[in-house]
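The chains referred to below are lettered A, B, ... by the order of the sequence lines, with proteins before strands, and numbering in each begins at 1.
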Number of protein chains: 2
Amino acid sequence: MKILIVEDEPLIAEDIAEILQKNEFIVTNIAYSKEFALSELSTNLPDMALLDINLNNKMDGIEIAQIIQANYQIPFIFITSYSDKNTLEKAKLTEPSGYIVKPFNEASLCSSIEIAYYNHTQKSKRHFPELNLVKLNANLTDKISDREFDLLKLIYEGKTNKQIAETLFISGNTVKKHINNIYLKLNTISRATTLVKLRESMSV
Amino acid sequence: MKILIVEDEPLIAEDIAEILQKNEFIVTNIAYSKEFALSELSTNLPDMALLDINLNNKMDGIEIAQIIQANYQIPFIFITSYSDKNTLEKAKLTEPSGYIVKPFNEASLCSSIEIAYYNHTQKSKRHFPELNLVKLNANLTDKISDREFDLLKLIYEGKTNKQIAETLFISGNTVKKHINNIYLKLNTISRATTLVKLRESMSV
DNA sequence: TCCAAAATTACCCAAAAGGGTAAGCATTTC
DNA sequence: GAAATGCTTACCCTTTTGGGTAATTTTGGA
């Protein structure tokens, strides 16, 4: 796993790098500033980033986190001591994959990285707009026939009636009929309310 | 915050309890066995549980985690040393709110608990159909104005144009205009595709 | 104060979605 | 074999939604 370290204190950075390399992680680079971190991200994207929250006494780490969150799909961990509440609050909002609290030891560092990476891959799985029967409430799926579920999956992906008809090789009228039945069974009145219901059923 | 400690080594348990009490946490009890932990959970539910993965050389901690996950809505943290991969793998499956890696210090223990508790409350919020700006990709929200976001939230809840108009005290024409602009900015073509995009943006 | 952006409204038109009824087949079940 | 269920299609009509243009008002800064 390729890791980028963003840390302004050379001693700590070197320390982390050494530990990581000993444990079969690859350290792509050590960035001592926000600017260098960003250029490194854009030219040589790692699998994960370790970010010191307080870079050169500014909250640059959080800014980097926001940029990663918006533009790259890699997990990041904050390196932090027991910071003040405000900073911690802002850090939390970036939804980091984990935290490493200073002082840390070899075991906790490696564990944290592995766990964070695992969590991130789990989260990424949610990306795919694949409706999973298992995830739905039983009383929702019980009512719905197999065919209707085919339709429901396509609705879930945002398809129009026309697209659904083409996908399933059935007439537009049939699509409408099925969708009508789905609404009756789920007690919804539209695609939108159906999508809301699915979202809620799945996030239990 | 009321915390239950499940740890079979009295020294460690006492150590943790002491630290917690010094930091304004309330330790409801210390459970040295699975059985006692379960009875404590059912009679005196805490706000959070700290679970040693290896209880009396068995993986009882994981079992407790599974039971908490299935029956109680409280967050739990694993207390662990660098365990073997199999155990760690199983522990991850219970989706704990965090890990505390031994040896830990006061700061890391308290940080971990606070962060884990925060994460858990965030997760719970996903139940409710509330759209959170912070959770959206920056490049999505940057484009959207405050007012448009008001509309987006209502779309997110499955409201019709009419309902939105009544909620925001604006004309149906205005609603349509705003929604049109939202589609342009998000590069979507309908409520359904917008809901899909929101879903995907939020699960990053 | 003045400009620019955002918010509001209206209007027109077209496409999409939704509700209800009816009916022909294929299957499974009793 | 009859009944029930599910899948398919068609047709009707209504409502909702979406796209585009234009114009006015509000609002927030510069």
Side-chain angles (χ1 to χ4, degrees), chain A residues 129 131 133 136-201, chain B residues 129 131-134 136-201:
Chain A
L131 189 57
L133 251 176
L136 288 175
N137 275 343
N139 55 358
L140 227 81
T141 50
D142 278 357
K143 304 175 190 168
I144 291 191
S145 75
D146 289 349
R147 192 53 163 174
E148 282 161 358
F149 191 65
D150 291 339
L151 282 273
L152 192 56
K153 277 194 282 193
L154 296 171
I155 289 177
Y156 181 76
E157 289 171 18
K159 298 276 185 290
T160 63
N161 286 0
K162 205 174 176 183
Q163 290 173 316
I164 293 174
E166 284 162 7
T167 306
L168 300 180
F169 303 106
I170 54 179
S171 82
N173 289 317
T174 311
V175 172
K176 287 175 80 170
K177 182 62 190 162
H178 279 307
I179 291 181
N180 235 287
N181 289 336
I182 291 172
Y183 293 164
L184 282 174
K185 292 182 179 180
L186 298 190
N187 194 29
T188 51
I189 58 164
S190 64
R191 287 171 136 67
T193 50
T194 303
L195 285 168
V196 170
K197 187 145 210 163
L198 288 180
R199 186 204 319 141
E200 289 177 355
S201 297
Chain B
L131 189 58
N132 191 339
L133 248 176
V134 187
L136 288 176
N137 275 342
N139 53 359
L140 225 81
T141 49
D142 277 359
K143 303 176 191 167
I144 290 191
S145 73
D146 288 349
R147 191 54 162 174
E148 282 161 359
F149 190 66
D150 290 340
L151 282 274
L152 192 56
K153 277 194 282 192
L154 296 171
I155 289 176
Y156 180 77
E157 289 170 20
K159 298 278 186 290
T160 63
N161 286 0
K162 206 174 174 182
Q163 291 174 317
I164 293 174
E166 283 162 6
T167 307
L168 300 180
F169 302 106
I170 52 178
S171 82
N173 289 316
T174 311
V175 172
K176 289 175 77 172
K177 182 61 189 162
H178 279 307
I179 292 181
N180 236 287
N181 289 335
I182 291 172
Y183 294 163
L184 282 175
K185 292 182 179 180
L186 298 190
N187 195 30
T188 52
I189 57 165
S190 64
R191 288 171 134 68
T193 50
T194 302
L195 285 168
V196 170
K197 187 146 210 165
L198 288 180
R199 187 204 318 138
E200 289 176 356
S201 298

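- Between B:K162 atom NZ and D:dT14 atom P there is a gap of 16 Å when expressed in whole angstrom units.
- When rounded to the nearest whole Å, the span between CD1 of B:I182 and C1' of D:dT17 equals 14 Å.
- For the pair A:T188/A:V196, no side-chain contact is recorded, criterion being any heavy-atom separation below 4.5 Å from C-beta on.
- At whole-Å resolution of the value, NZ in A:K176 and P in D:dT15 are 14 Å apart.
- Across all strands shown, A:N173 has heavy atoms under 4.0 Å from base atoms, whether or not it also approaches the sugar-phosphate.
- Between B:Y183 and D:dG18, a side-chain N or O to OP1/OP2 separation shorter than 4.0 Å is present.
- Here B:T160 does not reach the OP1 or OP2 of D:dT16: none of its side-chain N or O atoms lies under 4.0 Å away.
- A donor-acceptor pair under 3.5 Å is formed between the side chain of B:R199 and the backbone N or O of A:Y156.
- One distance of note links NZ of B:K185 with OG1 of B:T194; it measures 13.5 Å at 0.5 Å rounding.
- Taking atom CD1 of B:I164 as the reference point, atom P of C:dT8 lies 13 Å away to the nearest angstrom.
- In this structure, CD1 in A:I144 is found 5.0 Å from CG in A:L152, a value given to the nearest 0.5 Å.
- Counting to the nearest Å, the P atom of C:dT8 and the CZ atom of B:F169 are 13 Å from each other.
- A:I164 places a side-chain heavy atom less than 4.5 Å from the side chain of A:I179.
- Taking atom CG of residue A:D150 and atom P of nucleotide D:dG6, one finds them 15 Å apart after rounding to whole Å.
- Note on B:N161: a side-chain N or O is less than 4.0 Å away from OP1 or OP2 of D:dT17.
- For A:I189, the listed nucleotide lying nearest its side chain is C:dG19; candidates were D:dT17, C:dG19, C:dC11.
- Checking side-chain atoms of A:R191 against main-chain N and O of A:K159 turns up a donor-acceptor pair under 3.5 Å.
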Contacts under 3.5 Å, N or O only, protein and nucleotides 5-7 of chain C:
from  : atom 1 : to     : atom 2 : distance (Å)
C:dA7 : OP1    : B:S145 : OG     : 3.3
C:dA7 : OP1    : B:R147 : N      : 3.1
C:dA7 : OP2    : B:S145 : OG     : 2.6

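- In this structure, the side chain of A:K197 engages the main chain of A:L186 through a donor-acceptor pair within 3.5 Å.
- Remark: P of D:dT17 and CG of B:L195 are 12 Å apart, rounded to the nearest angstrom.
- Under the 4.5 Å side-chain criterion, counting only non-hydrogen atoms from C-beta, A:L168 is not in contact with A:T174.
- Comparing B:S190 and B:S171 by the nucleotide of DNA chain C that holds the closest heavy atom to each, the one mapping nearer the 5' end is B:S171.
- Nucleotide D:dC7 holds its C1' atom 15 Å from the CD1 atom of A:I144, rounded to whole Å.
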Going 5' to 3' along nucleotides 20-30 of chain C, which nucleotides have protein heavy atoms under 4.0 Å from the base (write B), which only from the sugar-phosphate (write S), and which from neither (write -)?
-> -B---------
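- No side-chain heavy atom of B:Q163 sits less than 4.5 Å from a side-chain heavy atom of B:L154.
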